[in-house]
2 protein chains.
Amino acid sequence: MRNRPIPEATVARLPMYLRSLLDLAEGRGVMTVSSEELARLAGVNAAKVRKDLSYLGSYGTRGVGYDVEYLLYQITRELGLTQDWPTAMIGIGNLGRALASYKGFAERGFRITALFDADDNVIGEEVGGIIVRHIDELKEAVAEEGLCIGIISTPPSGAQEVAEKLVDAGIKSILNFAPSHVNVPPDVNVRRVDLSVELQILSFYQQRTKAIETAREANRRLENQQTDRR
Amino acid sequence: MRNRPIPEATVARLPMYLRSLLDLAEGRGVMTVSSEELARLAGVNAAKVRKDLSYLGSYGTRGVGYDVEYLLYQITRELGLTQDWPTAMIGIGNLGRALASYKGFAERGFRITALFDADDNVIGEEVGGIIVRHIDELKEAVAEEGLCIGIISTPPSGAQEVAEKLVDAGIKSILNFAPSHVNVPPDVNVRRVDLSVELQILSFYQQRTKAIETAREANRRLENQQTDRR
DNA sequence: TGCGGTTTGTGATTGCACTCACAAGCCCGT
DNA sequence: ACGGGCTTGTGAGTGCAATCACAAACCGCA
């Protein structure tokens, strides 16, 4: 099991286990955790937890559980979070500003160390302690400062162009907050976070349950009518 | 096909098609679109597009493609976006403020119509044209104003409590931006957006490709040594 | 040392989603 | 009216992920 490639689905869950483990570690005294409890905390089922963790290696002890600290370290290492990945953000509008000063990133070890924009009115401004530079300085900055990850927080119309500039600068990992699809070479990894897509999905299910309720109600009324007639 | 339940994976892609179609519709003159082109725009493959759309019904014309306007309407309707879903946001901190004034929501038909917080310093403040109220007024507001969706943008420690209050107030759809898992009854739909989880996943793959490169380089050096010896 | 209770690690099974490949069906030009 | 060229819609096949279920292994205690 240990040497097989880790399934994508598992990788996507590792951060959740990591968070749950951090919570446990903070509450002092918790030395070990069972797959059952970790599952409850992370909101998945226990078998999945065990299988996921088994891809990393046999880090548990039968009859006891997993050592919190040790597991914490292993997941951190596996996710590549033992080193830090200097991150650039491009597009310092409303959303970009909020993200740049979002504490959640820093807490989880991601330092946004460079900000870029194309708008001269924004360039030179200081956001979260960092000066915004012109996008044309991107390539040079990547080379000099070892930037590894790019965050796109421009409006959708500019996303593709920015993505190309990031690729050109040598960046292989991109997080795209703009609600549009960007095309990149196959060796570049893009992940998209679309804030309103999630709302739209909620809307779908909300509508469906409402439709079901309405149908039930109609049914009930119909049945009542029939009962009345008899 | 038409009457089968729509697979979750398909529902999750409908918003992407919707966006691509909107782009096409804006560029005037585009009347029809093939699955091939829609696939390119949305960044998926054509067979998937056709299968996805076939779940909604036979809205295409063989030899021609899909009528943009008609398809647009059908997807909008299917996603429940023909009506609007008044949305409440709880937790008006850094992130909450940015989200509350994020134009992307409004552009896609989601109006955030009520803001709540627990901090007296924030209550009464106006954010994006809306007065922040105390969380205790939530239940009443939901009943009176027909709020359907709740967005949690508190720190992780407060998320569970807020979720319970939303459930208690009768809300069935929750979007959770706090990086923590919340427990709710099975008839409530929670979706989580964790901004840093995506970065962690990128980190994993970035590390892996870096490891592979390093290994290749080591190999190359080894091979060179062997060649030298001969 | 041996036993009972507990929890992991993992083969086996099931189910879901993606992909392929092609028949069915449409349009247009002749 | 009809044939050629496209494009959809969908059964069939494939692969991945989730779940089940149980043997293996560990701890503590007598």
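Below, chain A is the first sequence line, B the second, and so on; all start at residue 1.
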S.K.: Does Pro7(A) or Ser34(B) map to a spot on DNA chain D nearer the 5' end, using the closest nucleotide for each?
M.R.: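 Its nearest nucleotide being more 5', the pick is Ser34(B).
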S.K.: As a test of reading the structure: which of dA17(D), dC20(C), dG9(D) is closest to the side chain of Glu8(A), going by heavy atoms?
M.R.: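 Nucleotide nearest to Glu8(A)'s side chain: dA17(D).
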S.K.: Taking only Lys NZ, Arg NE, NH1 and NH2, and the carboxylate oxygens of Asp or Glu, determine whether Arg40(B) and Glu36(B) approach each other closer than 4.0 Å.
M.R.: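 A salt bridge is absent here (no side-chain N lies under 4.0 Å from a carboxylate O).
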S.K.: Grab the CE-P distance between Met31(A) and dC27(D) for me, whole Å please.
M.R.: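 Rounded to the whole Å, the gap is 15 Å.
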S.K.: I need the CZ-C1' distance between Arg13(B) and dA17(C), as an integer number of Å.
M.R.: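 It is 8 Å, rounded to the nearest whole Å.
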S.K.: Side-chain N or O of Asn45(B) versus OP1/OP2 of dC18(C): is the shortest distance under 4.0 Å?
M.R.: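 No.
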S.K.: Looking at Ser35(A), I'd like to know whether one of its side-chain N or O atoms comes within less than 4.0 Å of OP1 or OP2 on dT8(C).
M.R.: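 Result: yes.
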S.K.: Measuring from the side chain of Ser58(A) (C-beta onward, heavy atoms only), which nucleotide among dG9(D), dG9(C), dT19(C) has the closest atom?
M.R.: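 When the side chain of Ser58(A) is considered, dG9(C) is the closest of dG9(D), dG9(C), dT19(C).
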S.K.: Go along nucleotides 25-30 of chain C 5' to 3' and tag each nucleotide: B for a protein heavy atom under 4.0 Å from its base, S when only backbone or sugar atoms are that close, - otherwise.
M.R.: BBS---
S.K.: Nearest whole angstrom, please: distance from the P of dC16(C) to the NZ of Lys51(B).
M.R.: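 That distance rounds to 14 Å.
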S.K.: Are the side chains of Ile152(A) and Leu166(A) in contact, using a 4.5 Å heavy-atom criterion?
M.R.: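 Leu166(A) vs Ile152(A): side chains touch.
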S.K.: To the nearest angstrom, how far is Leu38(A) atom CG from dG9(C) atom P?
M.R.: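 So the two atoms are 12 Å apart, to the nearest Å.
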S.K.: Can you list every side chain to side chain donor-acceptor pair (under 3.5 Å) pair that touches residues 170-183 of chain B, not counting sequence neighbours?
M.R.: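 Qualifying pairs, neighbours excluded: Gln206(A)-Ser173(B), Lys172(B)-Asp187(B).
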S.K.: Considering only dC22(C), dC20(C), dT7(D), which nucleotide approaches the side chain of Ala47(B) most closely?
M.R.: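 Of the candidates, dC20(C) comes closest.
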S.K.: When the distance from OH of Tyr59(B) to P of dT7(D) is rounded to whole Å, what number comes out?
M.R.: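 Those two atoms, OH and P, are 22 Å apart.
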S.K.: Between dA17(C), dG9(D), dT19(D), which nucleotide gets closest to the side-chain atoms of Ala9(B)?
M.R.: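 The closest nucleotide is dA17(C).
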S.K.: Rounded to whole Å, please give me the gap between CD1 in Ile6(B) and C1' in dC18(C).
M.R.: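 In whole Å, dC18(C) C1' and Ile6(B) CD1 are 18 Å from each other.
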S.K.: Below 4.5 Å, heavy atoms only, C-beta onward: do Ile171(B) and Val188(B) meet side chain to side chain?
M.R.: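 When only atoms from C-beta onward are counted, Val188(B) and Ile171(B) do not touch, as no gap falls below 4.5 Å.
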S.K.: List the atom of Leu21(B), the atom of Val68(B), and the distance in Å for their closest heavy-atom pair.
M.R.: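 The pair with the smallest heavy-atom distance is O-CG1, 3.9 Å.
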S.K.: Verify ring pair (Phe, Tyr, Trp, His ring centres under 6.0 Å) between Tyr73(A) and Tyr70(A), making sure each step is shown before the conclusion.
M.R.: CA-CA 5 Å; Tyr73(A) 170 73; Tyr70(A) 187 57; 7.2 Å; no
S.K.: Taking all heavy atoms of Gln207(A) and all of Leu79(B), pick out the closest pair and write down the distance.
M.R.: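 In this case the closest contact between Gln207(A) and Leu79(B) is OE1-C, 4.0 Å.
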S.K.: I need the OH-P distance between Tyr55(A) and dG9(C), as an integer number of Å.
M.R.: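 After rounding, the reported distance stands at 13 Å.
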S.K.: Tyr66(A) has a side chain; which of dA17(C), dT7(D), dT8(C) sits nearest to it?
M.R.: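 For Tyr66(A), the side-chain atoms sit closest to dT8(C).
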S.K.: What nucleotide among dA21(D), dA12(D), dA17(C) has an atom nearest to a side-chain atom of Arg50(A)?
M.R.: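 Nucleotide nearest to Arg50(A)'s side chain: dA21(D).
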S.K.: From CG of Leu53(B) over to P of dT7(D), roughly how many Å is that when rounded to an integer?
M.R.: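 The answer, rounded to whole Å, is 16 Å.
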S.K.: Side chain of Lys48(B): nearest nucleotide among dT7(D), dA21(C), dC18(C)?
M.R.: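 Nearest listed nucleotide: dC18(C).
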